[in-house]
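Quick caveat: nothing in here was measured; it's all calculated off a predicted structure. Hydrogens, waters and symmetry mates are skipped; everything else that's a heavy atom, side chains included, is used.
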Protein chains: 2
Amino acid sequence: MTLPKYRNIADDLRTQIVTGVLRPGDRLPTETQLMDTFGVSRNTARAATAVLVNEGLIERVPGRSGGMEVREQLTLTFHASEAEVIPGLWPESDAWFNEVQRQGQQPSQDFSVTIDTLPAEYAERLGVEADSSAAVRRCVRRVNGRPSSLQNTWYPMDLCQQVPELLQPGDIKQGTTRLLAERGLSQPALEDDVSAAMPTPEEARLLELQPGTPVLRMLRTGFSRDRAVRLSVTIFSGPINRVLYHLGDPEIIRKFRSH
Amino acid sequence: MTLPKYRNIADDLRTQIVTGVLRPGDRLPTETQLMDTFGVSRNTARAATAVLVNEGLIERVPGRSGGMEVREQLTLTFHASEAEVIPGLWPESDAWFNEVQRQGQQPSQDFSVTIDTLPAEYAERLGVEADSSAAVRRCVRRVNGRPSSLQNTWYPMDLCQQVPELLQPGDIKQGTTRLLAERGLSQPALEDDVSAAMPTPEEARLLELQPGTPVLRMLRTGFSRDRAVRLSVTIFSGPINRVLYHLGDPEIIRKFRSH
DNA sequence: ATCCATTTGTGCGTATGTATG
DNA sequence: CCATACATACGCACAAATGGA
């Protein structure tokens, strides 16, 4: 009894979820039912379920036939060491788009382009002066209509004069990586910086995240032989995305993993 | 205006933190001060600060001279595509230990070994039968005395007969990767599976995480030429760790990045 | 379209416990 | 022992969302 009540209730409910007594899509008892069965006030019942919301295990739905629902945990895989790396692996369109289709889901994305001042951290990664400007291609990526990830790609301004298509707001059919390669700016080396974080309010809004849902933040710097070409900042909705890397001899992996 | 009070207060405080008005180590106003300055009840003040705790921005400290403190955001980098991959890169000891020392911090780790039944998901990754058993080397990794990450590495049982040292509970000086290589089980290929998640209660306890702090979960499968040799499950305390991958031509990266 | 019932969302006041200096 | 600050818990009220009668 050293643990507070709300933690005990949270533990109880969590056990039911991870052992499969409650399955994705199932409803938890309503707050009033929890009050009765555990003999606590509504605030305490809410504190308990708030823990599970923060862990991404349940989702709250207001309204008459609402309630608290065990969340779906479907995952989408991003093959980080194949996409954009192996030239000619896919015939056209950009890497992410292909990935999603290959996994049998419906991708869609909205683009917009702005010209912004590079934050110091980003400028350093691109090897340009801080406060210099860059074109930013922003997109919200959806899978089956639901937001799945955000990507903002920063291109140094001088590069945009070389490749003015980067400034056009719409989609670029062959994908920007391929477009740049056609202009002599292929990217034979990439650096990925991956970390977990809580979303900013803006990110949470765009990704339609429940409070307490973490995100995976990936900063990918693309290098041509002579310079850093672009910096892509991708925010993956945490629990439903994973990033896969294959290192070393690709033949060996192919032997044991079928994609 | 349409936003609830506690969100407005949270936004206000968050702005002060991200703009640097409040710097890491600084104290927020106490709950009673927040009640006064924003004219709300204590519950509302707590709801507001709870948002920031969930975002990993602040830490609550009880006691006389406690309060709510803006968290340090120092990050530790794990070079995923160098550690354990480039043979002979470091003279001895295991990959993580070297990484931390190279970044000027004090690493330490506690080991324990158990024999457990492989969960279905892990068994599949190792290409062995579900419910077969495996040796698990568990460790808590600390940086300057504070827990930084957890790592559980699973070795199929038949492998342990080949390399019985794996079952010894203490540290293995040259590192397990090197030990296995000495027995003809080098790992020329690795697969990493990276995602963001909220910690289980056990993980939160071991890593001494504040409620609401996300983690980075990395599953690394190591392959010899003939089989999957091991599965390492690493839980990085989210906000203070990042994982770095270098893909493609390493010469190019070296030109632009100094480590 | 209206009203009602149910369920979660926000907010207040209060009381008591626990940790720390 | 006390003062301060956060931690837990109760009870209450009203708002907002949703679906059915």
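The side chain to side chain donor-acceptor pair (under 3.5 Å) check on B/Thr32 picks up B/Thr30, with sequence neighbours excluded. Residues passing the side chain to side chain contact (heavy atoms under 4.5 Å, CB included) test with A/Ser65, sequence neighbours excluded: none. With sequence neighbours excluded, the residues that form a side chain to side chain contact (heavy atoms under 4.5 Å, CB included) with A/Ser112 are A/Arg138. Shown here are the side chain to side chain contact (heavy atoms under 4.5 Å, CB included) partners of B/Pro107, two or more places apart in sequence or in another chain: B/Trp96, B/Phe97, B/Val100, B/Gln101. When the side chain to side chain donor-acceptor pair (under 3.5 Å) test is applied to A/Thr221, no partner is found at least two apart in sequence or on another chain. Residues passing the side chain to side chain contact (heavy atoms under 4.5 Å, CB included) test with A/Glu202 are A/Thr200, A/Arg205, A/Leu206, sequence neighbours excluded.
The partner of D/dC1 cannot be assigned: no Watson-Crick or G-U wobble pair with both contacts below 3.5 Å exists in any strand.
For DNA chain D, none of the residues of residues 45-52 of chain A falls under the heavy-atom distance limit of 4.0 Å. For DNA chain C, the residues of residues 25-40 of chain A within the heavy-atom distance limit of 4.0 Å (strictly under) are A/Thr30, A/Glu31, sorted by number.
Regarding A/Arg60, its CZ atom lies at a distance of 8 Å from the C1' atom of C/dT8, rounded to whole Å.
Distance alone, capped at 3.5 Å, is enough to place a donor-acceptor pair between the B/Asn241 side chain and the B/Ser148 backbone.
Judged as a salt bridge (charged side-chain N to carboxylate O under 4.0 Å, His left out), the pairs with a partner in residues 59-70 of chain A (not counting sequence neighbours) are, in order, A/Arg27-A/Glu69. Pairs of residues two or more places apart, or lying in two chains, that qualify as salt bridge (charged side-chain N to carboxylate O under 4.0 Å, His left out) and include a residue from residues 40-53 of chain B are B/Glu31-B/Arg42, B/Glu31-B/Arg46.
For A/Leu118 against A/Tyr122, the heavy-atom pair with the smallest separation is CD2-CB, 3.8 Å. Smallest separation of non-hydrogen atoms from A/Gln16 and A/Thr19: O-OG1, 3.5 Å.
Using cut-offs of 30° and 60° on the angle between ring planes, the pair B/Phe236 and B/Phe78 is tilted.
One finds no salt bridge joining B/Arg141 and B/Glu99 here, because no Lys/Arg side-chain nitrogen approaches an Asp/Glu carboxylate oxygen to under 4.0 Å.
For DNA chain D, the outermost nucleotides in 5' to 3' order that have an atom under 4.0 Å from a heavy atom of chain A are D/dT8 to D/dG19.
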*asked:* Using a 4.0 Å heavy-atom cut-off to protein, can you give one letter per nucleotide of nucleotides 15-21 of chain C, 5' to 3': B if the base is in contact, S if only the sugar-phosphate is, - if neither?
replied: B---BBB
